[in-house]
Amino acid sequence: MTRDAKAVVCREWGQPITVETIKVAPPKRNEITIKVAACGVCHSDLSATTGKIQYPPPLVLGHEAAGVVIEVGEGVTDFKEGDHVVSSFISMCGKCRQCVRGRPVLCENARKAMFTLPDGTVRTTDADGNDLNVFGACGVMAEYATLHVDNAVKIEEGVPLQNAALVGCAVMTGVGAVFNTAKLEPGSRAAVFGIGGVGLNAIQGCATAGAEMIVAVDTNDKKLEMAKEFGATHTVNINEVDDAAKAVKKLTGGVDYAFECVGAGAVAAQAYKCLGRGGTAVVVGVADPRDKTEIGTLSLPADERTLKGSWLGSARPQHDFPRILALYKAGKLKLDELITQTYSIDQAPQAFDDMVAGKNARGVIVFD
Ligand SMILES: [Zn+2]
Ligand SMILES: [Zn+2]
């Protein structure tokens, strides 16, 4: 059946978000409809409202949600009503060269499902009957969402869904950059630039993986305090030093791993600059497509440095989402502490304002 759902929509780049009642069509073949329980508010949602991420509006926001399956389409075998799921904004076909070699995050078919479902159509319309695009083939900042099965990951019951939601983006991106992309070795020295939802997770990923020193770098003292709660051993406030990279190098002698969690070429250059010999800088933040960075070329061979990127923490979502939730259950990763504020969907504009003001580790919209 078609369902009415309150949803957070970007109508036009540069304009405030709107909360509207939309219609969500039932699942077609290989699709499921979920009742969304909670959806995190991510900087990427904000970037889609400014045009930094160029998904054409009108666009239903949201890509970091957990919910319960309430209807399954024809041909669906892996999900049934009542299953708990986390959305995946990476569509993973399971059959292409990248999926088969174990890199579903690079799925060759994922680009077909950027702001529509993989078949290029949507299940979402507004009050006037016009199609609404969906962020990352998800559009889960809404009471209901119809997803392709390749954009959903089944999880065990028993984890609060508002915690599980965060695994769909912030936690996977930060922890995965450490575990999967960098494969951080115990006893290493690390620095994390940019302490938002992703940066905090990079920090706790470094702590869980056994880093010896973890330096948090940001402009906001409150966030640096929070970083310590997640495992940072040292902090650098960029506003209090001439050069953050030099300050990190002075503390550590040069780090083995640096994580850029901002999405800016200038910060990527700093992350690279604070590396020691043999170090690896991982760019995690999503930059504007026109942004560029600059590094000293000689240091690549002479110091055997590496500069690499990490997309959704190099995730294998079906493997990694449950794995991260297992670490949470075992008390080895913090999820409760990440959620510093919850909002109703009607309070979504406030949630976005609070994110811009840097008030939250993660703000989460919770549905009835
Ligand atoms: Zn996100
Ligand atoms: Zn694929």
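Heavy atoms only: backbone and side chains are in, while hydrogens, waters and symmetry mates are out. Order of appearance sets the numbers: ligands from 1, and atoms from 1 within every ligand.
- Within the protein, the number of N/O/S atoms found under 2.8 Å from the Zn ion (ligand 1) is 3.
- Relative orientation of the Phe115 and Tyr55 rings is tilted, given thresholds of 30° and 60° on the angle between their planes.
- Shown here for Leu312 and Val105, the closest heavy-atom pair between the two residues is CB-CG2, 3.9 Å.
- In terms of modelled atom types and a separation under 3.5 Å, the side chain of Gln347 and the main chain of Ala351 share no donor-acceptor contact.
- With Lys6 as reference, Asp346 is the one residue of Thr21, Asp346, Asp368 to meet the side chain to side chain donor-acceptor pair (under 3.5 Å) rule.
- Within a 6.0 Å radius of CD in Glu212, more than 12 heavy atoms belonging to other residues, nucleotides or ligands are found.
- Salt-bridge check for Lys222 with Glu225: failed, with every basic side-chain N at 4.0 Å or more from each acidic carboxylate O.
- For His63 and Asp45, the side-chain atoms include at least one donor-acceptor pair closer than 3.5 Å.
- Less than 2.8 Å away from the Zn ion (ligand 2), the protein contributes these N/O/S atoms: Cys93 SG, Cys96 SG, Cys99 SG, Cys107 SG.
- Taking 4.0 Å as the cut-off between side-chain N and carboxylate O, Lys23 and Asp4 count as a salt-bridged pair.
- In this model, no donor atom of one side chain and acceptor atom of the other lie less than 3.5 Å apart for Asn237 and Asp218.
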